[in-house]
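Chain letters run A, B, ... following the sequence lines, proteins first, then strands; residues in each count from 1.
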Amino acid sequence: MPMEKTFNAAEAEARISKTWLDTRAFRAGANAKPGHPAFSVMIPPPNVTGSLHMGHAFNNTLQDILTRWHRMKGDDTLWQPGTDHAGIATQMVTEREMAKNGEPSRRDMGREAFLSRVWQQKAQSRGTIIGQLQRLGASCDWDREAFTMSGAPNAPEGEEGNFHDAVIKVFVDMYNKGLIYRGKRLVNWDPHFETAISDLEVENTEVAGHMWHFKYRLAGGETYEYVEKDENGAVTLRETRDYISIATTRPETMLGDGAVAVHPSDERYAPIVGKMVHLPLCDRLIPIITDEYPDPTFGSGAVKITGAHDFNDYAVAKRANLPCYRLMDTRAQMRADGAPYAEAVARAREIAAGSPTNESEVDSLNLVPEKYRGLDRFEARKQVIADINAIGLSVTTLIKETDPETGSEHLRREPVVEAKKIMQPFGDRSKVVIEPMLTDQWFVDTAKIVEPALDAVRTGQTKIIPESGEKTYYHWLENIEPWCISRQIWWGHRIPVWYGPNLQMVEAGIKLRAEHDSQEKLLGRSLTADERWAIIDKHVATASSVPQEFCAENKDKAAQLAQEFYGTNTKIHFQKDDVWSLRSAAGAFTGGYEDGVNTISLFRDPDVLDTWFSSGLWPIGTLGWPEQTPELQKYFPTSTLITGQDIIFFWVARMMMMQLAVVNEVPFKTVYLHGLVRDAKGKKMSKSLGNVIDPLEIIDEYGADALRFANAAMASLGGVLKLDTARIAGYRNFGTKLWNACRFAEMNGVWEGHRTQTQPPQASATVNKWIIGETAKAAAEVSEALENYRFDQAADTLYKFVWGKVCDWYVEFAKPLFDGEQAGETRETMAWVLDHCMILLHPMMPFITEELWATTGTRAKLMVHTDWPELPARLIDAPSMAEMTWVTTLIDDIRSARAQVHVPAGLKLDLVATAMTETAQAAWANNAPLIQRLARIDTLTHTTTAPKGAITVAAEGATFAIPLAGVIDIAEEKARLQKTLDKLAKEIGGLNGRLKNPAFAASAPEEVVEECRTNLAAREDEAAKLTAAMTRLSEIG
RNA sequence: GGGCGGUUAGCUCAGCGGUAGAGCACUACGUUGACAUCGUAGUGGCCACUGGUUCGAUCCCAGUACCGCCCACCA
C-alpha cells in the first residue's frame, strides 16, 4: 500500500504508543548493551490530581529526548515515573470536589474517613496525568510508577510500596541525629488552610496599604521635651509631649503589643526610655525599650512590638524577654477563647510585674478585649482605628477646608493616614494574607545539613546548568533558614512522634491524682468535669510545658520507648488520635489508675509532613531505599535531573541536602534547570489572561512530535521559553517534509528489499559521497549537542540537515541519478541517509520516526531500540564536500540571476562558459545533469569571448554567461550586477583595510591573515568578472 | 534593598573576537518526476547607548538606559 501524503498523527500515535507499552519497550535496562553505563532520570513527580500543562510537556520532552537517546546508545536506561501526593493541593482539590458533590465536610467525616476519600480521589485522577504523559511519548518505565504516599498505613490495596516507610525512617533517623526538632516559633500561617507553611510557600506581593500613626501616652501623665534636629544639629522642633508616636500598617496587632522600641542612639526618646506607656484600648502598661532594630530615620523612630504577629518584633521580643501574646485563632480571627478579658489582662499585669510564667500560659492568655473577640482581623483593624480615633489617640494633621456654600475657610483636624505600597505575604496556594503566628512546629535544622549540599556543587560533584543556577543555589543555601516541615492538614505523612508528659508533669500528675482522689473522698461523689479541670490546671501550670517526645517508626516502638522512659511501674495508653493537648495529657492521670500503676497517655502528633519533605527523598525512595535494591545499586546516584528553576529551592536544594544527609551521596550528577514556559509574547500563561496553551490540544492539532520538536528547539540554555503555535505548525510541516521524502523514496523503489544498514554503501557518485558525509557530520553534531544539553542545537542541526540538505538538495539531485548508471548506489544511499534521518530524529520525534521505520523496510528492532549511529569522520569526504558546494552555489547563483532579470522559471536556457579551470570543468562534468536540471539549463558550450546581451554568473574558477539577447532588460541586468559589485566592493574594502594595516599582519594569527588573502583574491576575481560583464553590457546599450 | 539574566531583521530567537543567521511574517513568481503542511527568488539589521581592551568588538571589560525574573523584615 503506497504511503499517504501526510503522517496521520492522531491515528498513529495511539497505535504506536500501545506497541511501545505492550512490548515494554521502556522498561529499565531495555536495549542495554553489556559494558555500557547506566543512565537514570527521575521524573519531577507531577501532582497526583494534576493535569498536563505546557511546563510538564516541555520538561518531560527534554527528559524523554535524553532517555531515548541513551537507550538507543545502548546505555542501561531508567526513566523513573511517578506522582506526588501534593498535600495541601490534593486536600484542597478533594475538599472542593466533596463540596461540589454535597458530601459531608472534612471535619464532619473525620480524619480516617477523609483520608480514604482522598485516596479515592487519587485513584480517580492518577490515570489522567499518566495517560497525558504517555500521549506526549514519555518513555518512562511505567511498570515502576511510584507514588510519594505509597505504603502509608491507610493506603488502599494496590498502593503498596515503601515510600512511606522511607519517609518515616528518614524522619526518625534525622530526629535521632538531632537534625529535626520541635519548637514554638513564629511561622507563616495560612488562615485559609489553617496550617503553617514554609517561607518558600509565601509569595510577597506589593499591594496598596496604609500606615496609621498612634499616640501611646506616658504612664502617670508624665511629659518630656521632644526635640527634633536637622543634620546640622539645629533644633527644628521642640515641644512638650505626654506621648510617644508609633506608626503601623497593622493596627489590630496593637492589642498584643509588649513594648515600644526605639533605637539606643535616638536622642529624641532618651528621656523616656524605660518608662511605661498606656496601651490604648487595653488596660495595660508597656515599657519603652531600646533595640537596634528601629530605624531612627523612618517614621517616628518608635516601633510598637507585637512579638506574636511580626517576625521583626518577635526577634526584638526575644531579645528583650517580652511575652508574646497571640491575638488570633487559626482562621486569623481575633481570639474568642479563654478567660474574660479582665481576668486575662489582670494576669498579664502580674506577668509584667515579674510573676513567673511559661510559654504555654502566655499562649493561653487571650488579651483581646471583648469587643474585638471573634472579629476577622481586617474587621478588627477597622474597629481599632475607629476606636483610637474616637479617643483622640491618632496623630492628626490640620486640614484647611472651604465651605462650598459660604466660601468661608476653616481648619479641621484629621488623623494622618498615609497611603503606602507595602509588601504583603500571601499563601501560594490559598492566596490569602499570611499571618505570622506563634505555634508549635517541627523544623529541619538545615544549617546542620547544608554544607555537604554546598560542597557537592562547589566541587563539581553535582553540576548545575546553566551556570547561573549554581549562583542562585549558593545564594539561597548560604543564607538558609530552618525549614518548617509540619503542616496542620490531614493528607500526608503523619509525623511519627508521640507525646507524653515530661517528668515534671508526671510528678504533677501523681499529685493531682492524689488531690483528685482525696477530693472525691471528701465530697463522697465523683468530681464534675469543671472541678477536675480546675485541679489539673492548678498542677499543670507549674510544670514545664514541653512534652516528652517519642519518635519512632510506629506505635509499638513508641510504646516501647515510652515504657523504657517512664519505667515499668506505668501503663502506656494511647489517646484518641484527633485530640491532643498537654492539659488533656495531664488529665489522663485522672483516668486509668489502678493498683498504683500510673497510666501514661501518649498522643500522636496530628500534623503531617510538608510535601517537599517526602519529595525530597524521591531519588532514593523510588528506588526502594531503605532496602538495598539492585535498582538502587545500579541507578543511584541518578544521571540528570531536569526541572524548572522555580523549584530549585523547594526541591533541588532539599533533595541535595536530604540525600546527602541520609545516604551521604549526591542524588544526581547534573541538574538541568529551565525557565517557565510562556506564551509567544513572553507572558506567563494564566487562566485569567486566557493565553493558556493546552499541550493536549496542541497534540490533537499538530501531533506530539511537532510539540516535542518545538520544545527542543526553544530549549536554549538560560533563555526565556516563549512558545509560539506558528512555530509548532512549522515543525509539524517539518515532519511532513521528512514523511514525503520517504514517500518519494518509496515511489522510486528505494525501500524495496531494504534492511537496516549501519554502514553506508560504497558510493562512487560525488552526490552520494557528499550526502553520506553530511549525514556523518549531522550525526556527530547532534550527539555533541545532546551531550551538552543543547537540545536547541540538536534540533536546529537536524532541521537544517533534513530539510536544507536532504530534501532541498539530495532528493533533487537523486532524481536524474535514478535514471542513470548509479541508480542502484543512489537508492542504497538514499535508504541509508533517510534511515539516519529517522534515527537521529527519533529522540525528538518518536512517533513519526517509529511509523516511518516500520513502513520503509525490514527492521530487526523497533525504532525505539535502534542503535544510535557512531559514524566515522572518514565518511566526510572533503573533495566531495567542496565539489558539491561549488555545484549548489552555482545553481543558486544561476537561479538568482534568472529570477532577477525575470526569466520565466520554466524556460530552459543555454549556458556559455567563457573560462573554466580544470577543477571547475571536472565539477561540471561530474554533476552536469544535476546542474542542468535544477538551474534549468539546456546545454553548456565553451567560448572564449562572452556573447553580447547575456547575463553573467561568476563561479569559483569559472565564468558563465547566459545569452539572452533581446530577452533581457539591459538596465535591469546592469542594476543586478551593480548590486553585487557594490556588495563585493564593500567586502574588498574591508579585507584590504585589514591586510594593509601592518599591525594586523603582525598580530593576527597566520591562518586568519591567510584566509583574508584568499578571500580577497576570490572577491577581486569575482568583481573583475562582473566588471567585465558590465563593460560588455555598456557596449550594447 | 540584594542577587541573576536580557536588549541582534516586523515577530520569536540563535550566534558570542575576523565584519550577521534561522523560523515565522511579508513581496514576486511557480502544479519542474515526494511535499501547497510545498518550491524558487527577494525585501528587511549603525547587533540598546557610552567609553575601554584589541590589528580587529554584536561578541571581552566598565558604565548608562530600559525590560524581565528571583530573594528580602523597614514598622
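Partner of A/F734 under the ring-ring contact (aromatic ring centres under 6.0 Å, His included) criterion, out of A/Y702, A/F709, A/F7, A/W739: A/F709 alone. Considering A/T797, A/D796, A/L841 in turn, A/T797 is the only one that fulfils the side chain to side chain contact (heavy atoms under 4.5 Å, CB included) rule with A/V782. Between A/T253 and the options A/H309, A/K304, A/R381, A/E435, a side chain to side chain donor-acceptor pair (under 3.5 Å) holds for only A/K304.
Of the C1' atoms belonging to B/U7 and B/A14, the separation is 15 Å, rounded to the nearest Å. Rounded to whole Å, the separation between the C1' atoms of B/G21 and B/C16 comes to 13 Å. Between B/G33 and B/C59, the two C1' atoms lie 47 Å apart (nearest whole Å). A gap of 39 Å separates the C1' atoms of B/A62 and B/A25, to the nearest Å. Only the P atoms considered, B/G51 is 38 Å distant from B/C71, to the nearest whole Å. Rounded to whole Å, the P atom of B/C46 lies 8 Å from the corresponding atom of B/G10. With both ends at atom P, the span from B/C49 to B/U8 equals 10 Å, rounded to whole Å. The P atoms of B/G52 and B/A41 are separated by 44 Å, rounded to the nearest whole Å.
Counting all heavy atoms, side chain and backbone alike, A/A1023 lies closest to A/I988 at CB-CD1, 4.0 Å. Minimum interatomic distance between A/P466 and A/L673 (heavy atoms only, all atoms of both residues): CD-O, 3.4 Å. Looking at every heavy atom in both residues, A/F58 comes nearest to A/A715 through CZ-CB, 3.7 Å. What you find for A/P251 and A/V384 is that their closest heavy atoms are O-CG1, 3.7 Å.
Note on A/K979: only backbone sugar-phosphate atoms sit closer than 4.0 angstrom, heavy atoms only; bases stay farther off. Contacts of A/R994 with the nucleic acid, taken as non-hydrogen atoms under 4.0 Å apart, include base atoms. Using a 4.0 Å heavy-atom criterion, one finds that A/P1005 contacts the bases of the nucleic acid, with or without backbone contacts as well.
Note that CG of A/L1016 and CZ of A/R1019 are 9.0 Å apart. Values are rounded to the nearest 0.5 Å. With rounding to the nearest 0.5 Å, the separation of CD in A/E746 from CG in A/L852 is 10.0 Å.
Between the CG atom of A/L995 and the C1' atom of B/C55 there is a distance of 11 Å, rounded to whole Å. Distance, A/D796 CG to B/A14 P: 11 Å, rounded to whole Å. If you take CG of A/L477 and P of B/G3, they are 18 Å apart, rounded to a whole angstrom. In this structure, CD of A/Q645 is placed 14 Å from C1' of B/G3, rounded to the nearest angstrom. One can place NE2 of A/H902 at 14 Å from C1' of B/G30, the figure rounded to the nearest angstrom. The distance between atom CD of A/E467 and atom C1' of B/C4, rounded to the nearest whole Å, is 13 Å. Separating the CD atom of A/E478 from the P atom of B/C4 is a distance of 12 Å, rounded to the nearest angstrom. Taking atom CZ of A/R976 as the reference point, atom P of B/G42 lies 10 Å away to the nearest angstrom.
Under 4.0 angstrom from either OP1 or OP2 of B/U54 there lies no side-chain N or O belonging to A/S1003.
Stem analysis of RNA chain B (at least three stacked-register Watson-Crick or G-U pairs, each with both distances under 3.5 Å) gives B:1-7 with B:65-71, B:10-13 with B:21-24, B:26-30 with B:38-42, B:48-52 with B:60-64.
No close placement of the A/Y473 and A/F649 rings is indicated, their centers lying 6.0 Å or farther apart.
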Its contact letters, B for base, S for sugar-phosphate only and - for none at protein heavy atoms under 4.0 Å, make nucleotides 70-75 of chain B read S-BBBB

Once base and sugar-phosphate atoms are separated, protein heavy atoms under 4.0 Å mark nucleotides 32-38 of chain B, 5' to 3', with B, S and - as -BBBSBS

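A residue-by-residue look at A/A899 and A/A726 shows that A/A726 has its nearest nucleotide of RNA chain B further toward the 5' end.
A/Q793 is not listed as a side-chain neighbour of A/E781, based on a closest heavy-atom distance of 4.5 Å or more.
Using the six-membered ring where Trp is involved, A/Y672 and A/F791 have ring planes that are perpendicular, over 60° apart on the 30 and 60° scheme.
Applying the 6.0 Å contact sphere to CD of A/E4 captures no more than 12 heavy atoms from other residues, nucleotides or ligands.
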